[in-house]
Amino acid sequence: MSRMNKGRLRQRSAHRHGAWALLALCLVVGSLAAQGRQPVATEHLGPGSVVWWQPKGDYERLVLTVSGPGEIDLRHVFEHGVAPSFQAVDHSGNPLPDGSYVYELSAVPNIEPAVRELLLAARESGEDRPVAQHLRATGVLPTGDFVQSGHFRMLDGGLVTAGIAEPSHASSAGDQDPGGTSDPGSQDDPAGSGLHAGDHDTVFASGGAYTGAAGSHAGGSASAGPGETDGSKRVTTQGPAPVIPDQVFLDDLIIDGSACFGLDCVNGYSFGFDTVVLTENNLRIAFKDTSNTSQFPSNDWGLQANDSANGGGNYFSIVDRDANNHVFKVEAGAPHNALYVDDNGDVGVGTATPVLEMHVSDGDTPGTRLEQNGSQGWPPQTWDVAGNETSFFIRDVSNGSTLPFRIKPGASSNSLVVESDSSVEVNQGNLLVPTTNVGIGTVAPTERLHVSGDDGTTVALIEETDPTVVIRNLLALNNTGGVSMIMTNTDSGNFWQMQHLTGGNFRLSMNAGGNQFVLDGAGNLDITGTLTQMSDVNAKRDFESVDGRAVLEQLVEVPITRWSYKADEDHADDGEHAPRHMGPMAQDFHASFGLGADERGISSLDANGVTIAAVQGLYEVVQEKDARIQALEARLVALEAALTDSAQR
């Protein structure tokens, strides 16, 4: 095909696609039109460097993201009924920096509440894929990804003015093909074979060349005639403008040197190390598969460099021409080693020396984003997985960019382990959950820590395995005020409540009734019932008989005094004196009887035992005294009787 015809074909294509693509600010929606998709919205340019989009459907919400030079990364959510817009100024009202910007507009379709509930239930049960496929097959869920993207450019502080597609340098009239959607030769070669011998074409074949009208042939080298060259290419005149005929080779073509293709190739081009050069202002390479039976693959592909629309993007892309999708795109200005695959198949992002199958390297917080954009019926949700010198973290972008999961550098191996039976081990350090509920055995925790089970084995174990024998605090309950713990029998409904009250007392109560047990800070204990101490003969050993009279004699020697506890003075209410007590000192009691764990306390069991033994000893003394008194009384009676008899005589 002649250069002129090629330029005309491109111009016609540009008018088809460029008119819609450039309704506003030269946003490169020509690429979207080239993809053959139904656009989510049409773009418009408003006053004050504002871009706005008119939705072409009824959506639940629209999400607009814009990225630009440097670290510009903006995201806006527009609810139902609000047209998306973007003002190309910063927070101070100043124009955004000059350069190329990329936008993406994602639509969240309207989904019936019942359908959404069905999807969420399917997700919970693990049946989300087949359920979603069925809903799409039956038309309940929409198909497609509802995403469009494009470019705009800031130049000298303003948006680039909308314009038509860039004309060919070699064409004086006609249209261009901004999106690369039209295939060169498609009008002259409907079959797409790329081979057409026109009336003014030269066909090179093995052993000779066809020149002139189709069918005429000259063996060997053709003699140059009027309007011809040396036979390798024929130039004729058709009308007022010169026509350069196409050349068709019916044999293998070998070029011993470099080749230049394109409308802007010139004689004497300096190739340098380049073997093949494509040079013009609309660069496309088409791969047209002419397979015409269903058994053979036939998809058409293309390589494309840059948009053709004014203000469009600078990029290199691989295009699926049948689906009209840019499946792979690299923007101009991408950093060195932005994507690198080494000889082991490892992929490096930002590095030429990947050490694993995927290696992401960056100078500031390398990470990956997982974005469910809502276009397939599932609720939108975005997660970031990243790491830096402070921590490795998972960020919940959709809910205030919280960090529900973090690992600090230097954490020990196996600090957190999920076993094959789904049990979780925290082997090193502390488990910190500051702002959310954690469920173990339940997906719906109602408290900050909720442990649930239904197989009779649920237990919470706190264990320290350090071999050093030392007292450790393994459970702490802290509160600004009193602390309470409840133990409930869910079968009977009865519960015990353990409380540390604000005043310092420790209490036990049942079913929120009176306090059955109260221990104050001075160590005083009040109970509403009786105190029973273990005294089972089966629990005792090393029995020794006790001499009650000896115990009585020892007890008489133990000093008994009145006194008050020092702690009671500190805890006395309203300035009253501490309660008075009477009894022996533990040191004297221990010295006399050698009872108890140490000389600092007296067990009530020991005190009772000493008292009972002394009472038994005293009883023996009393019995002896009674016997002696009885004997004396009998003797006295006998004496009195004898005296009476003597007096009567």
Side-chain angles (χ1 to χ4, degrees), residues 3 6-7 9-37 39 43 51 66-69 97-104 148-156 159-171 174-184 259-266 269 274 276-287 300-321 323-336 338-339:
R3 289 173 179 248
K6 183 178 181 181
L9 179 59
R10 291 189 173 188
Q11 190 175 19
R12 286 193 296 271
S13 177
H15 276 265
R16 288 197 303 272
H17 300 290
W20 180 84
L22 301 171
L23 282 175
L25 71 90
C26 75
L27 293 166
V28 185
V29 293
S31 61
L32 180 65
Q35 294 173 2
R37 298 177 179 175
E43 298 82 359
V51 187
V66 177
S67 62
D98 287 355
S100 179
Y101 290 74
V102 180
Y103 80 86
E104 183 174 86
Q148 77 179 55
S149 61
H151 298 76
F152 65 87
R153 186 177 299 278
M154 294 293 295
L155 182 62
D156 297 330
L159 291 168
V160 174
T161 305
I164 63 173
E166 183 179 12
S168 169
H169 292 173
S171 175
D175 249 345
Q176 308 292 316
D177 176 14
T181 57
S182 61
D183 298 318
C260 180
F261 299 88
L263 299 177
D264 295 321
C265 290
V266 296
Y269 182 88
D274 296 334
V276 176
V277 175
L278 279 70
T279 176
E280 61 174 81
N281 57 350
N282 295 290
L283 298 171
R284 311 286 188 270
I285 296 179
F287 299 87
D300 292 341
W301 297 86
L303 300 180
Q304 178 173 329
N306 306 328
D307 279 324
S308 296
N310 187 23
N314 292 295
Y315 58 81
F316 171 78
S317 70
I318 297 177
V319 183
D320 180 347
R321 289 200 164 196
N324 291 326
N325 289 330
H326 288 248
V327 296
F328 178 84
K329 182 179 287 188
V330 180
E331 284 192 352
H336 191 59
L339 184 66

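Worth saying up front: this structure is predicted, and the values here are computed from it rather than measured.
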Engineer: If we only count heavy atoms from C-beta on, is the Val327 to Trp301 side-chain gap below 4.5 Å?
Structural biologist: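 Contact flag for Val327/Trp301 side chains = yes.
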Engineer: How about Tyr101 and Pro69: do any of their side-chain heavy atoms sit closer than 4.5 Å?
Structural biologist: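 They are in contact (side-chain heavy atoms under 4.5 Å apart), so the answer is yes.
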Engineer: Test your reading of the model: is there a side-chain donor-acceptor pair from Asp320 to the backbone of Asn325, 3.5 Å cut-off?
Structural biologist: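 Judged by distance alone, no pair lies under 3.5 Å.
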Engineer: Hey, what do you get for OH (Tyr103) to OG (Ser67), rounding to the nearest 0.5 Å?
Structural biologist: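 That separation rounds to 12.5 Å.
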Engineer: Is the shortest heavy-atom distance from the side chain of Val277 to the side chain of Cys265 under 4.5 Å?
Structural biologist: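 Not in contact.
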Engineer: For a quick test of reading the model, state the closest non-hydrogen atom pair linking Ser308 to Arg284 and the distance between them.
Structural biologist: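 Taking Ser308 first and Arg284 second, the nearest heavy atoms are OG-NH2, 2.9 Å.
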Engineer: Assign the ring pair Tyr315 / His326 to parallel, tilted or perpendicular, where the plane angle (0 to 90°) is split at 30° and 60°.
Structural biologist: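 Judged by the thresholds at 30° and 60°, the geometry between Tyr315 and His326 is perpendicular.
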Engineer: I'd like to know if the side chain of Glu280 reaches the main chain of Gly262, judged simply by a donor and an acceptor atom lying under 3.5 Å from each other, with no hydrogens or angles considered.
Structural biologist: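 Judged by distance alone, no pair lies under 3.5 Å.
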Engineer: Just to verify, what does Leu278 make a side chain to side chain contact (heavy atoms under 4.5 Å, CB included) with, not counting sequence neighbours?
Structural biologist: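 So Leu278 forms a side chain to side chain contact (heavy atoms under 4.5 Å, CB included) with Phe261, Val276, Leu283, Ile285.
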Engineer: For residues Ile318 and Leu303, determine if any side-chain heavy atom of one lies less than 4.5 Å from a side-chain heavy atom of the other.
Structural biologist: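 The answer is yes, as the side chains (C-beta and beyond) meet within the 4.5 Å cut-off.
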Engineer: Just jot down the side chain to side chain donor-acceptor pair (under 3.5 Å) partners of Asp98, sequence neighbours excluded, or say none.
Structural biologist: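 Residues passing side chain to side chain donor-acceptor pair (under 3.5 Å) with Asp98: none at all.
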Engineer: Name all residues meeting the ring-ring contact (aromatic ring centres under 6.0 Å, His included) criterion together with Tyr269; count only those two or more places apart in sequence or in a different chain, and write none if there are none.
Structural biologist: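 For Tyr269 the ring-ring contact (aromatic ring centres under 6.0 Å, His included) partners, ignoring immediate neighbours, are Phe271.
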